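Side chains included, hydrogens not; waters and symmetry mates left out as well; all remaining heavy atoms used. Quick caveat, the model's predicted, so the values are computed rather than measured.
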Amino acid sequence: EEADYEQYIAGLSQEASEQALQSLLQEQGIDAEVVVEDGLCRVTVPSEENIEAAETVLHDNCGTLPYEVVPGGDEP
């Protein structure tokens, strides 16, 4: 049961991180999909012109969490 609880807490933490980063990117006018998986934050940005701005937001806010910004997805 304790392992289940720890896994549950880790899932909540991951979800909160995704939502927080998504909000920060949106505040900067960057449309992106944020997924944290296996200790890596992957941000998919439909508009390649926003990649550099997204990298700046992540650099300033991810702390020790590794991240990558990749082009892809559909423009809104």
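- Val43 shares a hydrophobic cluster with Leu21, Leu24, Leu25, Ile30, Val34, Val45, Ile51, Val57, Leu58, Tyr67, Val69; the chain of contacts runs through ILVMFWY side chains whose heavy atoms sit under 4.5 Å apart.
- Here the shortest heavy-atom pairing between Pro66 and Gly39 reads CD-O, 3.2 Å.
- Taking both residues in full, the closest heavy atoms of Pro46 and Ala32 are given as CD-CA, 4.4 Å, listed atom of the first, atom of the second, then distance.
- With a 4.5 Å cut-off between side-chain heavy atoms of Ile, Leu, Val, Met, Phe, Trp and Tyr, the cluster of Val36 takes in Leu65.
- Here Gln26 pairs with nothing under the side-chain hydrogen bond (donor to acceptor under 3.5 Å, both in side chains) rule; sequence neighbours left out.
- For the side-chain hydrogen bond (donor to acceptor under 3.5 Å, both in side chains) test, residues two or more places apart in sequence or in another chain that qualify with Glu68 are Arg42.
- Residues forming a salt bridge (Lys or Arg N to Asp or Glu O under 4.0 Å) with Glu15 (at least two apart in sequence, or on another chain): none.
- The salt bridge (Lys or Arg N to Asp or Glu O under 4.0 Å) pairs that include a residue from residues 51-66 number zero, where partners must be two or more places apart or lie in different chains.
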